Structures are given as C-alpha cells and as structure tokens.
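The residues of the chain are indexed from 1 along the displayed sequence. All of these numbers come straight from a predicted model, not from anything done at the bench.
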Amino acid sequence: ALELQFCANSALERDDDSHIFLIIAPIIDSVDKGRNTSYDWLGPKTLSMKLKDEEVMMIASVFLRICDSLKMDGRKTKHRSFAAYKNIHIFRNPDSLKQNHQDDLLVKGGIYPVDPKLVSEKFEYMIPVPLMTATRLGLFLLGYLTYKTPYVSSESLITSLRLAHASTLR
C-alpha cells in the first residue's frame, strides 16, 4: 500500500514543521484469504520517508503528468537499527499500456542495506497507481505546496513545475 501523509504542528500555522511522509507498507499475510487485505504500517519492512519540499515537487510533477518519471536514489538514512539507502522510482506502468492503453504509473520503493554483510535482507515494493489515483495524489501534493506557499497560486506552481521540467530537457 502507498500512503502520502500530511503532518503539521498542532497550531496549524504555516511553518517549517509541516511535511509529507511517503509510506509504503507490505501486505500482512492472512490465514483467512477471504478477509480484507491488511497492511503492516509500522513493521520492520515498511518504507517510510519524510519528504523535502523539493522531493514533493518532483513527485507532484510525475503524478500530474508534467514529467514522465522520477528516480530518487541513494538517500542514505537509518532504517530501524541499520544504515540503508531508500530509493523511490516512479514511471509509466508498462503492463497497463499493453492491457488497456491507460497511462497508469508504477511506484517502486526499496530499502537497501549500506553494508550487506551486516543485514542481507533488502525490501522492494512495486505498487501500480491507476490514472485517476495518480491525478488525485498529484492534486493532494499540489494542495500541500499551496499550503506551504500561501501567496503563490496553484496555477503559478504548475507553471513553475513545467518550467523546471523544461529546463532539464535542454
């Protein structure tokens, strides 16, 4: 499961304490296969990242179809008790293009130990994101960016994201 979580201080003031968490949680194996799916939101295999505002802008650009893909590699951090790299890749889902010609996305997240000798286990997740869900997530992130920059309209934010993407193509 993929979750984008908005966190702010209790006073709901626009400050540097507000941020977005990106969380990717694995499915909890259930004995009863007829039950609803449950996710391990707090477990040791859960990928959780506090995103910088620049990263939120980059992710919003992909979800809003301003740019095609995103790679956030080599983010060195602590995962539980060991040093690890947390990577996020977002790109067009090749399977959805073959099946129904929709423009769905695929989010690939992973936790990779810095020293594989200490911890040999790595965790990788592939989450398909349907077209309209990607649009809703992009609009949610755009709302966050509007919250962080109250005197800048959402149209201006989208224009700046487009200009930033165009400058990378040169």
Side-chain angles (χ1 to χ4, degrees), residues 1-8 12 14 17-30 32-43 45-73 75 86-112 123-169:
L2 170 70
E3 179 177 301
L4 293 170
Q5 192 177 75
F6 172 69
C7 301
L12 289 178
R14 287 176 178 85
D17 288 344
S18 59
H19 53 273
I20 296 283
F21 269 109
L22 182 138
I23 303 168
I24 298 177
I27 294 175
I28 296 174
D29 292 328
S30 169
D32 182 11
K33 298 296 179 189
R35 279 185 46 210
N36 290 340
T37 305
S38 298
Y39 298 97
D40 188 10
W41 293 105
L42 300 173
K45 296 179 180 181
T46 300
L47 186 149
S48 177
M49 296 173 68
K50 179 180 176 181
L51 298 175
K52 301 173 190 157
D53 288 345
E54 295 81 22
E55 294 169 332
V56 172
M57 286 188 226
M58 293 187 302
I59 293 172
S61 293
V62 176
F63 284 148
L64 292 173
R65 301 297 195 275
I66 294 170
C67 60
D68 292 333
S69 62
L70 167 71
K71 271 190 168 185
M72 292 183 350
D73 280 341
R75 189 171 201 216
K86 293 183 180 179
N87 299 340
I88 299 291
H89 297 177
I90 305 172
F91 50 92
R92 295 213 164 132
N93 189 347
D95 292 337
S96 71
L97 293 174
K98 292 175 190 172
Q99 293 175 0
N100 55 11
H101 305 291
Q102 282 193 347
D103 209 10
D104 296 348
L105 295 175
L106 192 62
V107 176
K108 179 182 176 186
I111 303 169
Y112 307 95
F123 309 109
E124 290 184 327
Y125 306 104
M126 301 282 267
I127 300 173
V129 182
L131 177 65
M132 291 313 294
T133 302
T135 303
R136 280 194 297 271
L137 289 171
L139 291 172
F140 170 77
L141 294 174
L142 183 63
Y144 168 77
L145 294 170
T146 304
Y147 171 82
K148 289 289 278 191
T149 55
Y151 300 110
V152 179
S153 69
S154 57
E155 294 86 5
S156 297
L157 286 170
I158 289 174
T159 301
S160 67
L161 293 173
R162 285 182 177 147
L163 290 171
H165 175 64
S167 70
T168 61
L169 297 177

Colleague: Determine whether Tyr144 and Leu51 make a side-chain contact, defined as any pair of heavy atoms from C-beta on separated by less than 4.5 Å.
Modeller: no
Colleague: Kindly give the heavy-atom pair with the smallest separation between Thr146 and Ser154, and that separation in Å.
Modeller: OG1-CB, 4.0 Å
Colleague: Can you confirm whether Pro128 sits close enough to Asp104 that some side-chain heavy atom of one is under 4.5 Å from a side-chain heavy atom of the other?
Modeller: no
Colleague: Taking side chain as C-beta onward, heavy atoms only, is Ile59 less than 4.5 Å from Leu22?
Modeller: yes
Colleague: So which pairs with a foot in residues 125-138 pass side chain to side chain donor-acceptor pair (under 3.5 Å), sequence neighbours left out?
Modeller: Thr133-Arg136
Colleague: Do Lys52 and Arg75 have side chains that approach each other closer than 4.5 Å (heavy atoms only, starting at C-beta)?
Modeller: yes
Colleague: Write down the atom of Ala134, the atom of Leu105, and the distance for their closest heavy-atom approach.
Modeller: CB-CD1, 3.8 Å
Colleague: Drop me the distance from Phe140's CZ to Leu145's CG, to the nearest 0.5 angstrom.
Modeller: 10.5 Å
Colleague: Is there a side-chain contact between Glu3 and Tyr39 (heavy atoms, below 4.5 Å)?
Modeller: no
Colleague: Could you tell me whether Leu42 atom CG has more than 12 heavy atoms of other residues or ligands within 6.0 Å of it?
Modeller: no
Colleague: Please name the pair of heavy atoms, one in Ser61 and one in Leu161, separated by the smallest distance, quoted to 0.1 Å.
Modeller: OG-CD2, 3.5 Å
Colleague: Starting at OG of Ser18, measure out to CG of Asp53 and round the result to the nearest 0.5 Å.
Modeller: 7.5 Å
Colleague: To the closest 0.5 Å, what do you measure between CG (Leu141) and CD1 (Ile20)?
Modeller: 6.0 Å
Colleague: Determine whether Ile66 and Met57 make a side-chain contact, defined as any pair of heavy atoms from C-beta on separated by less than 4.5 Å.
Modeller: no
Colleague: Judged by atom type as modelled, is there a donor-acceptor pair below 3.5 Å linking the side chain of Thr46 to the main-chain atoms of Asp40?
Modeller: yes
Colleague: Where do Asn87 and Tyr112 land on the side chain to side chain contact (heavy atoms under 4.5 Å, CB included) test, with the steps shown first?
Modeller: CA-CA 8 Å; Asn87 299 340; Tyr112 307 95; 3.4 Å; yes
Colleague: With no hydrogens and no angle check, is any side-chain donor or acceptor of Lys86 less than 3.5 Å from a backbone partner on Ser48?
Modeller: yes
Colleague: Roughly how far, to the nearest 0.5 Å, is the CE atom of Met72 from the CD atom of Glu54?
Modeller: 11.0 Å
Colleague: I'd like to know whether Arg92 forms a side chain to side chain contact (heavy atoms under 4.5 Å, CB included) with Arg65, so could you lay out the CA-CA distance, the side-chain angles of the two residues, the decisive distance to 0.1 Å, and finally the verdict.
Modeller: CA-CA 10 Å; Arg92 295 213 164 132; Arg65 301 297 195 275; 4.1 Å; yes
Colleague: Please report the C-alpha distance between Val56 and Leu4 in whole Å, then the side-chain angles of each, then the deciding distance to 0.1 Å, and finally whether the side chain to side chain contact (heavy atoms under 4.5 Å, CB included) criterion is met.
Modeller: CA-CA 10 Å; Val56 172; Leu4 293 170; over 6 Å; no
Colleague: Mind checking the CD1-CE spacing from Ile24 to Met126? Nearest 0.5 Å is all I need.
Modeller: 11.0 Å
Colleague: Let's go through Lys71 and Phe91 carefully: what are the C-alpha distance in whole Å and the side-chain angles of both, what is the deciding distance for side chain to side chain contact (heavy atoms under 4.5 Å, CB included) to 0.1 Å, and is it a yes or a no?
Modeller: CA-CA 9 Å; Lys71 271 190 168 185; Phe91 50 92; over 6 Å; no
Colleague: Looking at side-chain heavy atoms only, is the closest gap between Trp41 and Ile23 below 4.5 Å?
Modeller: yes
Colleague: How long is the straight-line distance from CG of Leu142 back to CG of Leu137, given to the nearest 0.5 Å?
Modeller: 12.5 Å
